[in-house]
Each structure stands twice: as structure tokens, then as C-alpha cells.
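We name chains A, B, ... by the order of the sequence lines, and we start the count at 1 in each one.
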Amino acid sequence: MASMWVENLRKAQKTCLVQNGRRKIHFTLTDGTELAEEYDLRNDELVVRKWRRKGTIGGIGKWEFEVGEELMIRNLESEGLVENSSNPIFTRKDTKTAFQWRVRNLPYPKETYIVGIDEGQQHISIRTTNKKYYKKFDIPDMNRIQLALEQENLSFAYANNTLIVSYQKPEPILELEKLLQEEFRNMKASKDGDVDCTPS
Amino acid sequence: MAAPTVEKVQEIREVTRIERIGAHSHIRGLGLDDALEARNVSQGMVGQLEARRAAGIILEMIKEGKIAGRAVLIAGHPGTGKTAIAMGMAQALGTDTPFTSIAGSEIFSLEMSKTEALTQAFRKSIGVRIKEETEIIEGEVVEIQIDRPATGTGAKVGKLTLKTTEMETIYDLGQKMIESLTQEKVQAGDIITIDKATGKITKLGRSFTRARDYDAMGAQTRFVQCPEGELQKRKEVVHTVTLHEIDVINSRTQGFLALFSGDTGEIKSEVREQINGKVAEWREEGKAEIVPGVLFIDEVHMLDIECFSFLNRALESDMAPILIMATNRGITRIRGTHYQSPHGIPIDLLDRLLIISTVPYEEKEIKQILKIRCEEEDVEMSDDALTVLTRIGMETSLRYAIQLITTANLVARKRKATEVDVDDIKRVYSLFLDESRSTQFLKEYQQEFMFNEMATETMETS
């Protein structure tokens, strides 16, 4: 199964760029979907992974962040409504050995949170006993190679108004990531600012 | 005693009614029964039985949606309800069938060619019903707070708190969203959905937890459960977009923002062809369904010969909508030529049309229309005054008589009466000239007006 995902990426049109200490790779998959990833050069950690899918009736959609967060300030007028800044902010930020999610702006004590895996073994859910926050999410990396989630790999911690949920990466994922990193390292990356513009 | 209560009633109406009263806002349908027979007075329509019955048959054809590219001409004297019939058809079709209404002179623009404007109007009238996954926010309104700035001018600031059974989120509101929330009269305890992409708000009902509130609520208030899970979810919704909207979304990178600003410019024919192919593909796959709508061109004699020949061609396409045109001209010159033709429309196009004609209203009907308009405009009128107004309507025109309703009401209010009387009608009749009296006046005093110092026979009027 892992090979199918790798195969998909291999077939995709790729552009690689090294900029600001990050290896940025842009994929255009065969169905027209765009995928952009950014890896830290020092430790090969995934910083950003975002998707842009085509709308049903055409047009270009917005970037959807799978990993990392959108830094662009959102415009209230063009969006219509925007979540207030006092709301909890949910982002994914992986480490070498674990998938990790951070929910900032959560002021409630640690006992409030219930983190678990639902029956279908597909989703992780964060609940609060005071019914203020709820989030259900899956791990696309695991879905892509069709692995079920296991309760014992899941853990969470709470400090400084932030809830951190971690899921230990299983062996197949680690292998896949190693394989992909090898591939990326072999890609020819254009360096930022090294465009040859000497007049002849 | 009576005066304050009436005022109060008006106050309440002002709060609930945000829409303004237009010339045809009293029309709610064609007023036909199930057998397509026209009821004499129904849904704001009066008289014109033949024309309405004909329109009803056309309506059936549209609803079946099989026939493409038929055209109908509504011809009749000014003020005989041509636009009213078209409006009635639009109302009867419901909101899901695209109905585009333009005036013949609208297509003459410096920014767009005539045929482009017509093509866009055509494509605005064809809907595509398609399933699409969109991001929606669904929840119960906990609190809605809209603040006006202290200075009185400037942008309003708004906050909306929504909840589900599991969570609660506060949203900041933009200007457009504040407007549509006020328009939908959303309040705490309502269950609403907001389509994130389009900003469309749908009220699902009131929360069960609020069922005990002794609020004033109509019999049609629905109670629904507070939604579960996350506030934001992806949902497959079926909605109707027009071909024009698809064109615009695909025609440039900044896509649908152009739809809001209205600045769509000309759309390349390659884009259109590509969209047509796509839509045909979706149809074959069963993903989408075509909803042919109606294009209504009022004052169609304002189109010129180029437009007419374009229409001839455009109607042949199987993607064409039903075209309804209205004109009040008799045999006249076709714009852009020296030829005379019935209704100012070339014979070859006339040949493709089904023609519905409207006849002048009878006295009884005029009275009925005036009565309906009085209700629509919140004017109370004595029977005598209505009879006088009807006579005025017969002798001058229906439009002039309708104009007198509001003005007479203002006169009546100034003398602190609640009901419009004959004297009020007389007074406004003397204050405002109708068209024939004005012509009479001009004939008598022509000499006193500007540019008549030199004695010429007649003014050049063409």
C-alpha cells in the first residue's frame, strides 16, 4: 500500500527549491491537485504540508493546511466571517518520531480534556467535559497507506494553555518517510537567488 | 383613539418589512388554478385572463424543461400588465429556476459588445444543478452582537457565538455577513447554517431548548435539535449555479471575486466552449442536471437588427433558455434599419415567436388593481375616493392613478386623517398633471418656453 502513495508522488510533476533553510517541494499530482511540502534542512522535519484541490465547477481553491499553519492574516471583509482570535487554534506539527497536534488558547484545566480514538479506528477526537471545544481529525499519512489507529500510541499533555496530542509513528510510516527523504535529497533543487542573470 | 393604534401597526410593519415597495411588488404569481384557468383576482393579478392563461401554458412548458429555445412575445398597450405577467411567471417558477430580467436598452454598453451582453444574459438563464462538497458552519446561535460605532458613521462591528452539543466558537463578522444576518433576522436560539464559500445563511429553525420561551413566533416556526459534533463540517449540497457563474469562475484566476464586483468583462468563447463540454460530460455521468430558465427582455423594441439576428441564431442552440419579450410598440421602425415591422421586430424572428397580447383593463379591473395597490402601499381609502380614482385611471392611465395613491395619502396624513378622501384625490389631481393635461398645457404655452423665440413650425423630435 505504501508503494501506491510513493508511486503517486513519483508520477507527479515536481519542483524543488531551497530557501530560508527549508527544502520546498511542489507536486502537481496527475488529477490536477497541488501539494506543497516544506522540510527543515537541518533535521529533515516536515514543517508545512498543504493541499490545493480543484473545485467541482472549476476555479482554483484555497490552500488547505495538513501540517503547519497559515501565516497570512485573514481579511474579515473578503471572508465574511472569521473565527475570533480568542478561539482555540488547532495545528499539526510533527516531530521525528511522532505525529503531534497543538491546540493553543485552551484555558481549561487538564481534567477537562478527553482524548481518544473512535470506534472505526479512523479518527482521533478531543472532547471537553464543559462542552467548549471539540475536534475530530484523522491522520492522512496513516490513511494513505491504510493503517488503523491504535489507542496505545496516543498520548496527550497540557501546559501553558496548550494541549499537545501525540501519536507515535508506527514502523511503516518511519520507513516510508526515510524512503521519501532519500528521494528528495537526490532531487535537483534550485537555490534561491542563484538565477543566472549575467548579461552575455 | 384610532390614530395611535394605526401608527403603531405601521411601526411594526416597518420593522418586519425591509424590502421596499416597487411597482410590481404586489405580484406573487400568475393567479391560476390547477386547471390553468385564470382566477379573476388572485396573487395580485387582475384581469387579462387570456394572457395569463397563455402564460400559464408557457410556464408548464418551462417546468417540464424539455423544450429549449422557445420565444414568447407579450405585446400590448402601455400599462396593461406585460411586465406584471412576466414577474408573475418568475414568482410562479420559484427560486430554483433561473429567471433573468433585463431591459432592452441594458445591453448597450461601452464596456461590452451587444452580443456579449446578450450571451451573458442567455447563460445567466441556464442553471446547472450539481452536487458539490462545501464547507458549512452549522450551529445554534448563542449570542449575536452587532455594534454601531459611537460616532454613528463607519463600519459596524459584529460578533456571533455559535454552539453545537459539543463545542462553542466565537466568530468576527464582516460587513456583508452582518447585513445578511440582519436581513434573515437571525437571533439567539436559531439554528443556522452558513455556507462558507458563498456566505449564504439558511435558517433551519429554532432550538428545542428555546421552545419554552414565550416569544412571539408564528405557527410556521420549526423546532430542531441542536447540531452535534464540530461546528464546521464538509457537506455535499445540491445547488443550482448558472452557466454564467461557471464561466466567470473559470475565466480568470481571481475567479469568483469578479462575480461580487460585477466586473466580469468579456468572456472568451474558448472558455464557454470548454464549459459546455464539461457540462455535457457531467450530464452524461449523471453528476449534473440542466435547469433551463427564463430570460425576460422588457422593451424589446430597443434592440437593434444585429441583436435580433443574433437572437435568431442563439435560439437554435439546445442550451438556450425560454425567451420572453415584452413590447408596447405597434408597427414601427426596426432599430438600426429603415424598415418598418410589427412591434419593431423583424419578420423572421416574429415567425419564431408565440405572441400573447394584453388588452386594456376594464373599469372594474382598474378598481381592483387600485385596491390591491392601496393595500400594498398601506393606504386606507374611502369608497368614494376609490371610485373617483378609478375614473381618473380610466380617463388618464392606470400608472398615473397608482401614482396618486401615495401622494393622496401624504395629503391626507397632513390633515391628520387616517383615510384618503375624495378631496385628497382632487387636490393631488390638481397638483400633478397627467400626461394628456401636460401635453395640453405645452400646446397652449409652447411659446413661453425656451428656444421658441424664433417662430418655427414644430420642434424636431426624432
With a 3.5 Å cut-off and no angle check, do the side chains of [X] and [Y] form a donor-acceptor pair?
X	Y	value
A:Q100	A:T95	no
B:Q232	A:E83	yes
B:Q145	B:D147	yes

Report yes if the distance between the aromatic ring centroids of A:Y113 and A:Y158 is under 6.0 Å, otherwise no.
yes
Would you mind checking which part of B:I275 comes under 4.5 Å of any heavy atom in chain A, side chain (CB onward), backbone (N, CA, C, O), both or neither?
neither
With only heavy atoms counted, which part of B:K131 is less than 4.5 Å from chain A, the side chain, the backbone, both or neither?
backbone
Looking at residues at least two apart in the chain, or sitting in another chain, which of them share a side-chain contact (heavy atoms from CB on, under 4.5 Å) with A:E171?
A:L174, A:E175
Can you classify the ring geometry of A:F27 versus A:F184 as parallel (below 30°), tilted (30 to 60°) or perpendicular (above 60°)?
tilted
Given a strict heavy-atom distance threshold of 4.5 Å, which part of A:S86 is in contact with chain B: side chain, backbone, both, or neither?
side chain
For the backbone of A:Y108 and the side chain of A:T112, can you confirm whether one donor and one acceptor N or O come within less than 3.5 Å of each other?
no
Residues of residues 164-175 of chain B with any heavy atom under 4.5 Å of a heavy atom in chain A:
B:T165, B:E166, B:M167, B:E168, B:T169, B:I170, B:Y171, B:D172, B:L173, B:G174, B:Q175
